[in-house]
Each structure stands twice: as structure tokens, then as C-alpha cells.
Amino acid sequence: VFSGLGFVGRTNSCWPLTYQGSDVDVSIEAVEAHYRALGLAPQFKLVTGGADPLDLPDRLARRSYVAVSQVAVMTFEGQLGGPEHQLDIRPRVTQDFIQIVSETSHSGGDGQERIDILGRIPCLSAFGIIRQNGTLAAAGLCTFAGDSAGIAAMRTQADFRNQGLARSVLRAIMGQAYQSGYRQF
């Protein structure tokens, strides 16, 4: 069970992926106690067909849990075209990347939690930033793990949206991963 400041739902949720035979109701109560001790609402992240044990969604529903959102995870294999804009790509988080995440977050707490998460990324990554006229305009990151790479923290300042900047960031950071040998995103 991992938890942050309570703003980012994916970070502040229990993600039950494997079941090792423990008492399920006792495990649910332990998760609830953990989050309540932090002053946070307990949350579970369930993967369709991947929750373990398989009856966990029903057990949670009986405890008055309700689904609040659904997330689609999409994968891509291959290489995209090159970026249309000039980027600065670094293997680790930079102060500029932290600044744009902070500036584009919903609140100070949300921004701080996301920045804390960035600081805990253990593997090499591609942090991409686009500047327009000296202003931080767009950013995104691609983390490299196992045999695949994941895209996260895609951000575009409001004044720079609908100009293809996010597409350029995506192409550049995926290109960096591809050059490093990763083929699935």
C-alpha cells in the first residue's frame, strides 16, 4: 500500500494484483486502517479481470465502495515519427520539469504530490521539455522498466495548447526509449 498527500488517485490507492491466500476481509480492513490513519479515504485500484482474488470487486461493493472512474491503458509497439518542435531531453527530473508540473497542476497540493512522485522514479527515464520564446510550454516523461516504457506527466501550459507540442514531446520521449532498445509503450 502506497500513499501520498491524497490528491492523485492512482498514487493513493491499494492495487491488489496478487492473492496469496490471506483472509480477504482482514486485508481490506488493514488497507482501510492504513488510509484512515493518514486522514485519507481508502481507495482500491482494480484492473478488469486482474483483481485478485477475483471476487474482490463484489466484496468491496458490499462494503459500499463505488467505482468513481475508469482508466484505459493502451499499448503501442514500434516507433513514431520525429518531433516537430525542438526539445530538451534529460535522463532525470530537472528543476524546469518540476516547475511545469507545479504550474499545470490543479492545486498546490496536487502539484507537490506529483513532484514527490517524480523524485521517487528509480529507473532511467526521458524527461522532455519544450520552450517557446523562453517560456516552459510543454513536458512529458517516459520511464524505462523491464522490456517496456511508460508515458506519464504529459503537460502543456494553457497558452500553448493546440499547437502540437504534446505530440512533439510524445514522439521525442518515445524516440529516446526506442533508441535505448524499448519497443513496447
Side-chain angles (χ1 to χ4, degrees), residues 1-77 93 97-127 138-158 161 166 169-170 173-174 177 182 184-185:
V1 176
F2 175 78
S3 48
L5 302 173
F7 293 93
V8 181
R10 290 178 302 248
T11 300
N12 293 293
S13 60
C14 176
W15 193 352
L17 296 176
T18 60
Y19 177 59
Q20 298 175 350
S22 59
D23 184 296
V24 177
D25 291 316
V26 170
S27 296
I28 292 171
E29 289 167 7
V31 169
E32 291 172 336
H34 170 81
Y35 284 105
R36 288 195 177 110
L38 296 170
L40 300 173
Q43 298 181 73
F44 290 80
K45 179 172 29 175
L46 303 180
V47 178
T48 303
D52 200 358
L54 294 176
D55 70 339
L56 183 58
D58 294 330
R59 287 176 182 260
L60 292 171
R62 287 192 298 271
R63 295 173 83 96
S64 300
Y65 283 84
V66 296
V68 294
S69 66
Q70 293 187 358
V71 176
V73 176
M74 302 170 72
T75 62
F76 173 83
E77 289 190 38
V93 68
F97 200 93
I98 289 170
Q99 179 181 338
I100 196 167
V101 167
S102 179
E103 290 174 355
T104 57
S105 293
H106 302 293
S107 68
D110 175 69
Q112 187 58 55
E113 184 169 29
R114 291 173 190 277
I115 291 165
D116 291 346
I117 292 166
L118 292 173
R120 291 191 300 266
I121 294 175
C123 52
L124 285 180
S125 304
F127 290 85
L141 86 95
C142 185
T143 57
F144 312 153
D147 60 355
S148 63
I151 307 300
M154 295 294 294
R155 306 298 229 192
T156 303
Q157 297 277 17
R161 292 187 180 140
V169 170
L170 182 65
I173 60 179
M174 286 178 71
Y182 297 90
Q184 185 171 6
F185 302 89

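Along the sequence shown, the residues carry numbers beginning at 1.
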Item to complete: For the residue pair S22 and S27, confirm or rule out a side-chain donor-acceptor distance under 3.5 Å.
Response: yes
Worksheet item: Say you draw a straight line from CG of L141 to CD1 of I151; how long is it, rounded to the nearest 0.5 Å?
Response: 7.5 Å
Discussion item. I'd like to know if the side chain of D55 reaches the main chain of D58, judged simply by a donor and an acceptor atom lying under 3.5 Å from each other, with no hydrogens or angles considered.
Written reply: no
Discussion item. Please find the pair of heavy atoms, one from I28 and one from R59, that lie closest to each other, and give the distance.
Written reply: CD1-CB, 4.3 Å
Worksheet entry | Distance-minimising heavy-atom pair for I100 and A138 | CD1-N, 3.5 Å
Fill in: Distance-minimising heavy-atom pair for V101 and R155
O-NH2, 3.7 Å
Discussion item. The test is side-chain contact (heavy atoms from CB on, under 4.5 Å); show your working for D25 and R62 and say whether it passes.
Written reply: CA-CA 11 Å; D25 291 316; R62 287 192 298 271; over 6 Å; no
Worksheet item: Just wondering, do F127 and L118 contact through their side chains at under 4.5 Å, heavy atoms?
Response: yes
Worksheet item: Should Y65 and P42 count as side-chain neighbours, where that means a heavy-atom distance under 4.5 Å?
Response: yes
Worksheet item: Do you know the tightest heavy-atom contact between F144 and A177?
Response: CE2-CB, 3.3 Å
Discussion item. The test is side-chain contact (heavy atoms from CB on, under 4.5 Å); show your working for M174 and Y182 and say whether it passes.
Written reply: CA-CA 9 Å; M174 286 178 71; Y182 297 90; over 6 Å; no
Discussion item. Looking at I98, is its backbone amide N or carbonyl O close enough to the side chain of S102 to form a donor-acceptor pair, meaning the two atoms are under 3.5 Å apart?
Written reply: no
Practice prompt. Measure the CG-CD distance between L60 and Q43 for me, rounded to the nearest 0.5 Å.
Written response: 12.0 Å
Discussion item. Contact between Q112 and S105 at the side-chain level, heavy atoms closer than 4.5 Å - yes or no?
Written reply: no
Worksheet item: Are any of the side-chain heavy atoms of E29 and R63 separated by less than 4.5 Å?
Response: yes
Item to complete: Measure the shortest side-chain to side-chain distance between V169 and T156 over non-hydrogen atoms and say whether it is less than 4.5 angstrom.
Response: no
Practice prompt. For G140 and F97, work out which heavy atoms get closest and say how close.
Written response: O-CE1, 3.3 Å
